[in-house]
Each structure stands twice: as C-alpha cells, then as structure tokens.
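Mind having a look at this structure? Questions to follow.
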Amino acid sequence: MAGGPNFIEEIVAADLAAGKHAAIVTRFPPEPNGYLHIGHAKSICLNFGLAAKFGGRTHLRFDDTNPLKEEQEYIDAIKRDVRWLGFDWGEHEYYASDYFERLYAWAEQLIRQGQAYVCDCTAEEVRAQRGTLTEPGVPCAHRERSVEENLHLFQRMRAGEFPDGARTLRAKIDMAHGNVNMRDPVMYRILHAPHPHAGSAWCIYPTYDWAHGQSDSIEGITHSICTLEFEAHRPLYDWFLDALGIYHPRQIEFARLNLTYTVMSKRRLLELVRDGVVRGWDDPRMPTISGLRRRGYTPEAIRAFAERIGVAKRDSVVDVALLEHCLREDLNARAPRRFAVLRPVLLILDNYPEGLVEQFEVPNNPEDPSSGTRLVPFSRELWIEAEDVREVPPPKYWRLFPGNEVRLRSAYLVRCTGVVKDATGAIVAVHATYDPASRGGSAPDGRRVRATLHWLSRAHAVPAEVRLYDHLFTVPDPDAVAGAEWRSLLNPRSEEVLTTCWVEAALAGATVGEFFQFERLGYFTVDPDSGGDRLVFNRSVTLKDAWAKEAAKHAP
RNA sequence: UGGGGAGUCGUCCAACGGCUAGGACACGUGACUCUGGAUCACGGUAUCGGGGUUCGAAUCCCUGCUCCCCAGCCA
C-alpha cells in the first residue's frame, strides 16, 4: 500500500542486521519556541514509528538552548500535542538544559586540549573574519591564547563578569575550511537571561551546534534523524564527538514536509499569531497540530498521512488534498451523520397537515450499520439549504425548482410548486406538495428522483454558528515567496462565519472535539468556543463535491 | 563561485542491472447510489540533457544542466 520501506528504515534494518545495536533509540528534539506543526508530526511519526517497528524507544528532548525565544507555554503545548498524536515517551523526557553542567565540563576539556578558545571579537568582527563561501576566513588575535588564560576567562564568563555579547567560547578548528560551519564556530555566548527550564542558573548558554550532538550522545541515541539543513553540520558534530572521545550516534537527514497553500516556517506562523491574522496558534486554519485538532483532524488521519507521504531526501511540496483525503477516509468510516442547514430557506409543504409532527428513522452511518438509526422530527415547515433551490435551474441541476420533484432524505418525495422572493430577488421560501404515499422516502410506483435533500423541522431545529474554512493562502507555495510579500498572499476568504444555521436537536449536547458528518456538506467538529446553549461547529473538510465541479464548468 | 545535498507521472513515494517503469493523491470518463457522499470500473501523462559500459540501464561510468542548504553569538 505505502510502497516499500523508506531509506531510513533500510538503514536501521541494516544496522540491526549488522549487530550494531540490541535495540534502537530515536528522539524527537523540538525547541520550545513555538507550537508544533504538521511538519513536526511527520518527524514524530517517523521517530516513534521506527522505535515501534524495530524495537526500541523514543525520547522527547527539548533542545532548549536559547532562553530568549523559549517559553514554558510551548513546552506544555508540545507535550500535549505529541501525546494527542498518540505517542508515549514514557519516562524519557529530557532537556538539553539538564546537560548544561556536563557541556560546560566538556567545554573546559576542549580548552585544555587546545581545541577551544575565548574570543573577544564582536559579532560583526566574527562575521567579517569568517570569510565568504569562496574566500577563506582569517583567525583573530584571541585564537592563540594560552590554555590557562582561556580557562580563566571562560570561568569568568560563567561567573557573570562580562556583559551580553562581550565574549564567546569558540571551537578551534579551521578558519579556511570549505565548510563555513567549521570556521571556528561559537560554542557559548553570554546571555544574562532566565531560562524556562534551568531558571537563573546560567548566564552563558551553549549554541545548538555545541549542545545537540552531545545531547544525543549522552542519551545513547542510535539514530539521530533530522532535516536536510543539518547535513552540513554533521562534520562539526562529528568533530566535537571525536575531540571529546564519546559515543557517536548515526545522523540521518530527510526532507522536511512542505504542504501546498500554507506556510510551515515557525517564524511566519508566529507572525500570524502575534499580528492577530488568525485566532491563535490553534486557529483551525493553521497547519499546527493544535490548529488541525481544533479544525477536526483526528490523530488517525494525521498518522495515515505521515505514512503515505513517505520519507526521502528530495525537497518536495505535498498536495494538501492528500491530507484532506486522509481525513475523509477516516471520518467516512466513523463519523455519525446528522442534518444541518447552513444557509436556510423555508420549505412549506402546502398539503401537509398543520400541527402534525412525524418522526423519521434516519441511519447514523450507512458505512457502519452497527451505528444504528435515530429519529428526526418532520413537520409542515422545514429548513432546507438555499443552494438546493433555484427558480431557474442551471444545466444538470436536479435539485429543487418549480415543477421538479426531489426526495427529502428518509422522509417524503416533494414537488416544488413555486418560490417566494424578497425585494432583492433572493429566494426566501419555497412551496411544495408532498406525496403521502412516499413515506420513508420512496414511492410505491417506483419512480425515481435524481436529488435527495437534507432538511430540518423548523419547530424542532436548534440554532448554531458554523465556521467554514478554506486555504490560508491563495497560492500553492507561499513559503517560496521571500520577503514581506508572502503576507499579500493570504486568502481573505479563508474563514467564513455563518451565524444563522440550524442543526438537529440531537446535536445540542455535543461536546468539544466530537465529530460529525453533516450530510451532503462535510465533516464538522464542535469548537471550544461552544458553551452553555451556544453551539459552534468548524467544518473540518468538505465532502467531495461533484456538483461543485459541474457547476464550475458552466460558471462565467 | 567553496562545501554539502537532490533531480522518476500534475503531486508525493516505489522500482536496489532483468516482466509492458508500479502505487497513492489529483485529474478525466462511466457504473451504481435515499448523501451529486461512499463504492466500483476504465483512462491519460514521468525516468533532467548528451555520451558511454552491457544481451539488457531509472539504476553503473563520464559530462553538462537545474534546484535546495550553509557565510546567526537562531535552531
């Protein structure tokens, strides 16, 4: 179904076959500087999936080396999202900041070995000395300091004797290296800032490059899986590990996920949240895990998606339609069906007895007979969908129009006798007659109708707000647009709030996160804005709509 | 340009020198249908270019081209 094993699974299988490890250890290492998104979900599924498939465990480690950008809120959100996705790291919750003392001692070791030095250059000077992609860098005067002086200075850095940015600790590698990452990279910077996990214990913080490889080594990670941009850093991690003489995890890089019609960069997502472009990190239009959850995505659908997109090394952009497909596939099988009318128009059955209320038995899910049926009240005045009525039908339109007969799902066949319009020409009510012999939805003479409509008894329906969503951006690849331009690509119609909707009374007690299929409309879930007698639904994804395609063909 | 990667249907992934280059999504056509849903059937389109090795190349070699990443005291 999903093809063969991906290249990482092949590597792991080969390592295991070669007897390199008794069991594998992988890790998911987020920086708590934002919320997790669907791209992280790919990594989470990959790492936890590997351990589950080959036997082993997966650590959750926060790579919290930059206190300026990290917050406890993000740590909490990340844990919540990983758990919700269905993964359990057990007791293996780690923080790079818990390794700070060890990292500090290792830094001293490198200094003693003559492989690290304290540098007094400013950031600008360091940049100037680094050279360019084609020209080698040049060493600065501090590069040749004595071990004693370096040790002393480094200790004073830790003691807080210098202001932010005054000095750094740098690895002494090769200022002329073809790989610029090897031109004496910074290992420590002075940052007088509290840390969300380490508190105020430190005023010098290790860089990611200095912390990451050793953190993996400390944890005995066998396969350290990361994204492509770290490929050029691997030689540096190897250099550190070799210099320290400690265990080498095997790093494997894969291509990060990109999705059409959305952005995945944390910086841009943060900007959308801060500027109030969206309702927050969990806005249903966001590609964040929490946004997808609020939108109505299920962990099952996201996991299936992660499985189907595969894992490879080439840059790619996955069609968001595949994500939507995975959700439909999951929900089609298990979402209870309900009736909801989003843009109501009154349907009056002129020959139906006033005051009569019938109860019709409607299947909860035709895909799953075990889900049973429910009773839905029916009466003379009903709400139906505005788009299910036309005064003049376009080509291939076979819903309600004067003279045409349709079925009201599980109820009766009705024939339209006329429409009522307001001053603007909009249809506000429809008149029809019903065929009492078609009770239950089919006629004794076996005559067929092309359309089946959903409906709600006016006297029994309950009001609700429904939010419809569309792509956040108008173009398939907004992430490819550089500069501030990307903002102009936001879809002004990505959210549409409908406040005059009606739903089945059975939906009144629905709880946040419960999902349903509103027949003929799509899959919907209860939004957390619901409460008391206020009901708010989010449309998770539409049903596939053959009529919409047909209509588009005849559109102007 | 220095270093590091990557090029296969519209998209994503597979094919690991050997059937007509496969699957999924998307798209199109039809069947069926008490959701214009679901389901089913059918269909089209791909090996970056040029050489070479071989009985045989998407796969190996040479060469060219294109794209991505790296010049944070971000990760």
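We name chains A, B, ... by the order of the sequence lines, and we start the count at 1 in each one.
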Would you measure the distance from the P atom in B/U8 across to the matching atom in B/A15 and give it in whole Å?
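Rounded to whole Å, the distance is 14 Å.
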Syn/anti label of B/G44 as read from its glycosidic torsion, with the cut at 90° from 0:
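Because its glycosidic torsion lies more than 90° from 0, B/G44 adopts the anti conformation.
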Take N1-N3 plus N6-O4 or O6-N4 for Watson-Crick, N1-O2 plus O6-N3 for G-U, both under 3.5 Å. Which runs of 3 or more such pairs involve RNA chain B?
B:2-7 with B:65-70, B:10-13 with B:22-25, B:27-31 with B:39-43, B:48-52 with B:60-64
Would a distance-only check, ignoring hydrogens and angles, find a side-chain to backbone donor-acceptor pair under 3.5 Å from A/K172 to A/R143?
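Indeed, once roles are kept as given, a pair shorter than 3.5 Å links the two residues.
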Describe the nucleic acid contact of A/K549 in one word from base, sugar-phosphate, nothing, applying a heavy-atom distance below 4.0 Å.
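Answer is sugar-phosphate: A/K549 comes under 4.0 Å of backbone atoms only.
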Which of these passes ring-ring contact (aromatic ring centres under 6.0 Å, His included) with A/F378: A/W455, A/W383, A/F339?
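Between A/F378 and the candidates, ring-ring contact (aromatic ring centres under 6.0 Å, His included) is satisfied uniquely by A/W455.
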A/N179 CG to B/G4 C1', straight-line distance once rounded to whole Å:
7 Å
Anything under 30° is parallel, anything over 60° is perpendicular, the rest tilted; go ahead and classify A/H37 against A/H40.
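A/H37 vs A/H40 ring planes: tilted.
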Is any side-chain heavy atom of A/F518 less than 4.5 Å from a side-chain heavy atom of A/R539?
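In short, these two side chains do not touch, never coming nearer than 4.5 Å.
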Flag the pair A/E229 and A/R256 as a salt bridge only when some basic side-chain nitrogen lies within less than 4.0 angstrom of an acidic carboxylate oxygen.
yes
If you measure from the P atom in B/A24 to the same atom in B/G43, how many Å do you get, rounded?
13 Å
Between the side chains of A/E358 and A/Y412, does any donor sit under 3.5 Å from an acceptor?
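A pair is found: one side chain offers a donor N or O, the other an acceptor, under 3.5 Å apart.
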For a quick check of understanding: with a heavy-atom distance under 4.0 Å over all strands, which category does A/E231 fall into, base, sugar-phosphate or nothing?
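Result for A/E231 = sugar-phosphate.
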Do any side-chain nitrogens or oxygens of A/H454 fall under 4.0 Å of OP1 or OP2 in B/U35?
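For B/U35, neither OP1 nor OP2 has a side-chain N or O of A/H454 closer than 4.0 Å.
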In whole Å, I'd like the distance from the CZ atom of A/R308 to the P atom of B/G22.
20 Å
Does A/K544 make a side-chain N or O approach to OP1 or OP2 of B/A38 shorter than 4.0 Å?
yes
Do A/Q517 and B/U35 have a side chain to base donor-acceptor pair shorter than 3.5 Å?
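Looking at the base of B/U35, it does pair with a donor or acceptor on the side chain of A/Q517 (distance under 3.5 Å).
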Any base atoms under 4.0 Å from A/Y397, or only sugar-phosphate, or nothing? Heavy atoms, all strands.
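Contact class for A/Y397: base.
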Every protein N/O within reach of nucleotides 71-75 of chain B N/O, cut-off under 3.5 Å:
{"from": "B/A71", "atom 1": "O3'", "to": "A/R130", "atom 2": "NH2", "distance (Å)": "3.4"}
{"from": "B/A71", "atom 1": "O2'", "to": "A/R130", "atom 2": "NE", "distance (Å)": "3.2"}
{"from": "B/G72", "atom 1": "OP2", "to": "A/R130", "atom 2": "NH2", "distance (Å)": "2.9"}
{"from": "B/C73", "atom 1": "OP1", "to": "A/R130", "atom 2": "NH2", "distance (Å)": "3.3"}
{"from": "B/C73", "atom 1": "OP2", "to": "A/R130", "atom 2": "NH1", "distance (Å)": "3.2"}
{"from": "B/C73", "atom 1": "N4", "to": "A/C121", "atom 2": "O", "distance (Å)": "2.7"}
{"from": "B/C73", "atom 1": "N4", "to": "A/A123", "atom 2": "N", "distance (Å)": "3.3"}
{"from": "B/C73", "atom 1": "N4", "to": "A/G165", "atom 2": "O", "distance (Å)": "3.3"}
{"from": "B/C74", "atom 1": "OP2", "to": "A/R189", "atom 2": "NE", "distance (Å)": "3.0"}
{"from": "B/C74", "atom 1": "OP2", "to": "A/R189", "atom 2": "NH2", "distance (Å)": "2.7"}
{"from": "B/C74", "atom 1": "O3'", "to": "A/R189", "atom 2": "NH2", "distance (Å)": "3.2"}
{"from": "B/C74", "atom 1": "O2'", "to": "A/N66", "atom 2": "ND2", "distance (Å)": "3.1"}
{"from": "B/A75", "atom 1": "OP1", "to": "A/T65", "atom 2": "OG1", "distance (Å)": "2.6"}
{"from": "B/A75", "atom 1": "OP1", "to": "A/R189", "atom 2": "NH1", "distance (Å)": "3.4"}
{"from": "B/A75", "atom 1": "OP1", "to": "A/R189", "atom 2": "NH2", "distance (Å)": "2.9"}
{"from": "B/A75", "atom 1": "OP2", "to": "A/Y208", "atom 2": "N", "distance (Å)": "2.9"}
{"from": "B/A75", "atom 1": "N6", "to": "A/H233", "atom 2": "NE2", "distance (Å)": "3.3"}

Option among A/F162, A/F154, A/Y205 that satisfies the ring-ring contact (aromatic ring centres under 6.0 Å, His included) test with A/Y188
A/F154
Residue closer to the 5' end of RNA chain B, A/R328 versus A/V318 (nearest nucleotide)
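Closest to the 5' end, via its nearest nucleotide, is A/V318.
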Same-atom distance (P) from B/U53 to B/U20, integer angstrom
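Per the computed distance, 23 Å lies between those P atoms.
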Does the pair A/F473 and A/Y261 meet the rule for a ring pair (Phe, Tyr, Trp, His ring centres under 6.0 Å), with working shown?
CA-CA 5 Å; A/F473 289 87; A/Y261 298 102; 9.3 Å; no
Pairs involving residues 124-139 of chain A, ordered by first then second residue, that meet salt bridge (charged side-chain N to carboxylate O under 4.0 Å, His left out) (sequence neighbours left out)
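For residues 124-139 of chain A, and leaving out neighbouring residues, there are no salt bridge (charged side-chain N to carboxylate O under 4.0 Å, His left out) pairs at all.
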What interatomic distance, in whole Å, is found between C1' of B/A57 and the corresponding atom of B/C62?
15 Å
State, without any angle test, whether A/E219 and A/H59 hold a side-chain donor-acceptor pair at a distance under 3.5 Å.
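Yes, a side-chain donor-acceptor pair sits under 3.5 Å.
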A/Y95 and A/H197 aromatic ring geometry - parallel, tilted or perpendicular at 30°/60° bounds:
parallel
Considering only the C1' atoms, how many Å lie between B/U59 and B/C48, rounded to the nearest integer?
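About 15 Å, rounded to a whole number of Å.
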Have a look at A/R267 and say if it touches a base, only the backbone sugar-phosphate, or nothing, with a 4.0 Å heavy-atom cut-off.
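No contact at all - A/R267 keeps every heavy atom at 4.0 Å or more from the nucleic acid.
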Short side-chain donor-acceptor distance under 3.5 Å, A/Q251 and A/E253:
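A/E253 vs A/Q251: donor-acceptor pair found between side chains.
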Between C1' on B/C12 and CZ on A/F7, what's the gap in Å once rounded to a whole number?
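Answer to the nearest Å: 15 Å.
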In whole angstrom, give the distance that lies between atom CG of A/N6 and atom C1' of B/C16.
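My rounded result for the distance is 15 Å.
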How long is the line joining CZ of A/R337 and P of B/U33, in whole Å?
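Rounded to whole Å, this separation is 19 Å.
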Take atom C1' in B/G18 and the same atom in B/G3, then report the distance between them in whole Å.
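The same atom, C1', in both gives a distance of 39 Å.
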Can you tell me the distance, in whole Å, between the CZ atom of A/F524 and the C1' atom of B/G37?
13 Å
Counting just side-chain N and O atoms, does A/K313 come under 4.0 Å of either OP1 or OP2 of B/C68?
no
Could you tell me the separation between the CD1 atom of A/I309 and the C1' atom of B/A26, rounded to a whole number of Å?
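It works out to 16 Å between those atoms.
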Applying a 4.0 Å non-hydrogen cut-off, can you work out what A/V311 is touching in the nucleic acid: base, sugar-phosphate, or nothing?
sugar-phosphate
B/G37 and B/A21: how far apart are their P atoms, nearest whole angstrom?
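Their P atoms lie roughly 34 Å apart.
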A/R234 or A/D545: which one's nearest nucleotide on RNA chain B is closer to the 5' end?
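Residue closer to the 5' terminus by nearest nucleotide: A/R234.
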Examine B/C13: is either OP1 or OP2 under 4.0 Å from a nitrogen or oxygen in the side chain of A/R314? Give yes or no.
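Looking at the OP1 and OP2 atoms of B/C13, one of them is under 4.0 Å from a side-chain N or O of A/R314.
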Rounded distance in Å - CZ (A/R256) to P (B/A6):
17 Å
C1' spacing across the pair B/G44 / B/U39, given as an integer number of angstrom
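These two C1' atoms come out 23 Å apart once rounded.
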